[in-house]
Amino acid sequence: MSIIETDAVLHEAHRDNHTHRDVNGGWLRPAVFGAMDGLVSNLALMTGVAGGAVSQQTIVITGLAGLAAGAFSMAAGEYTSVASQRELVEAELAVERRELRKHPKDEMRELAALYESRGVEPALAQEVARQLSRDPEQALEIHAREELGIDPGDLPSPLVAAVSSFGAFALGALLPVLPYLLGATQLWPAVLLALAGLFGCGAVVARVTARTWWFSGLRQLVLGGTAAAITYGLGTLFGVAAG
């Protein structure tokens with residue numbers, strides 16, 4: 001086998017094996033954490049109410065109200081947050097677009113200086129900046145990436161963020177209520193299902209972290225279970241005091 005063939009084979013092997021996990025989380029992270037938030041908050045709310053020795057109907061109504069209120073709150077908050085962030089980015093892009101139109105040479109020199117600061121030879125940096133600045137949209141994208149750290153073609157959607165947050169939170173918050181809707185008359189089936197869901201969400205989170213699935217699952221189970229236990233104790237305390 002020739003040296004060229006050997007290098008080609010090694011390059012293919014490197015390309016196949018040199019992969020990274022999605023460090024940004026993509027859709028997985030907001031979906032899993034949204035569901036986890038719904039699970040923990042609604043489980044804690046329901047156990048707190050149940051600790052006060054209220055009726056089964058009250059617990060169910062509390063769980064459904066917590067699901068609806070939390071899901072709408074999450075959706076509204078996420079929409080406002082992402083919309084505000086997008087508006088800020090678009091305003092900054094408008095500034096950069098105006099500078100490229102009014103002062104193209106200054107912006108080209110700025111880009112060349114940036115490449116020089118990263119070790120590119122001055123003459124080469126200027127030539128690269130000149131060629132990249134031919135297309136105004138390409139120049140805008142490069143300046144946005146280098147100066148603002150954003151991709152103009154990949155801005156987040158407020159509507160997608162709101163809908164996904166609503167759905168993920170509602171799904172997580174539904175788990176503690178589900179046993180009651182299926183005929184359960186005691187709290188423990190709801191707690192067991194919710195804890196299983198917490199472990200499952202924690203295990204899925206391991207896909208975007210360096211932890212093992214069982215460690216992430218147990219950690220989330222302990223945290224969520226602790227929150228539920230504390231609110232149950234507070235509910236019991238308040239119920240006794242009120243009685």
Side-chain angles (χ1 to χ4, degrees), residues 25-80 159-209 211-243:
W27 63 269
L28 178 62
R29 183 168 57 183
V32 172
F33 281 99
M36 200 178 296
D37 190 14
L39 245 174
V40 174
S41 62
N42 218 28
L43 174 62
L45 177 63
M46 291 176 63
T47 53
V49 171
V54 298
S55 66
Q56 175 188 339
Q57 183 182 15
T58 301
I59 297 174
V60 174
I61 292 174
T62 299
L64 292 176
L67 185 157
F72 280 111
S73 176
M74 284 285 293
E78 197 70 20
Y79 184 91
T80 302
L159 182 60
V160 170
V163 171
S164 60
S165 295
F166 182 94
F169 186 97
L171 182 62
L174 178 63
L175 281 185
V177 189
L178 193 59
Y180 283 104
L181 297 179
L182 296 177
T185 57
Q186 294 181 318
L187 180 64
W188 66 265
V191 173
L192 287 181
L193 182 59
L195 292 179
L198 285 169
F199 182 86
C201 285
V204 174
V205 168
R207 290 190 57 183
V208 291
T209 66
R211 295 291 187 179
T212 57
W213 64 270
W214 57 266
F215 177 87
S216 296
L218 285 176
R219 178 173 59 185
Q220 194 55 43
L221 188 152
V222 170
L223 292 174
T226 301
I230 291 174
T231 55
Y232 183 84
L234 290 174
T236 302
L237 181 64
F238 295 151
V240 172

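What's counted below: heavy atoms across the whole structure, side chains too, no hydrogens, waters or symmetry copies.
Taken to the nearest 0.5 Å, the CH2 atom of W213 stands 8.0 Å off from the CG atom of L218. Separation of atoms CG (L175) and CG (L43) is listed at 10.0 Å; rounding is to 0.5 Å.
Here the shortest heavy-atom pairing between V40 and A227 reads CG1-CB, 4.3 Å. Nearest heavy-atom pair across M36 and G202 is CE-N, 3.9 Å. Between A50 and I59, the shortest heavy-atom contact is CB-CD1, 3.7 Å. Y79 and A162 make their closest contact through CB-CB, 3.8 Å (heavy atoms, listed as atom of the first residue, atom of the second, distance).
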List the atom pairs, donor and acceptor, that lie under 3.5 Å between side-chain atoms in residues 186-199 and the rest of the protein, sequence neighbours left out.
residue : atom : partner : partner atom : Å
Q186    : OE1  : W188    : NE1          : 2.7

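By the 4.5 Å heavy-atom criterion applied to side chains, L64 and V177 are counted as neighbours. Under the 4.5 Å side-chain criterion, counting only non-hydrogen atoms from C-beta, V205 is not in contact with R211.
A distance-only check finds a donor-acceptor pair linking the side chain of T47 to the backbone of A228 [under 3.5 Å]. In this structure, Q56 contributes its side chain and A184 its backbone to a donor-acceptor pair below 3.5 Å.
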- Item | Stepwise side chain to side chain contact (heavy atoms under 4.5 Å, CB included) check, L67 with L174 | CA-CA 7 Å; L67 185 157; L174 178 63; 3.9 Å; yes
- Does the pair F169 and S41 meet the rule for a side chain to side chain contact (heavy atoms under 4.5 Å, CB included), with working shown? CA-CA 10 Å; F169 186 97; S41 62; 3.4 Å; yes
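Checked options V60, T62, I61; the residue passing with T58 is T62 (criterion: side chain to side chain contact (heavy atoms under 4.5 Å, CB included)).
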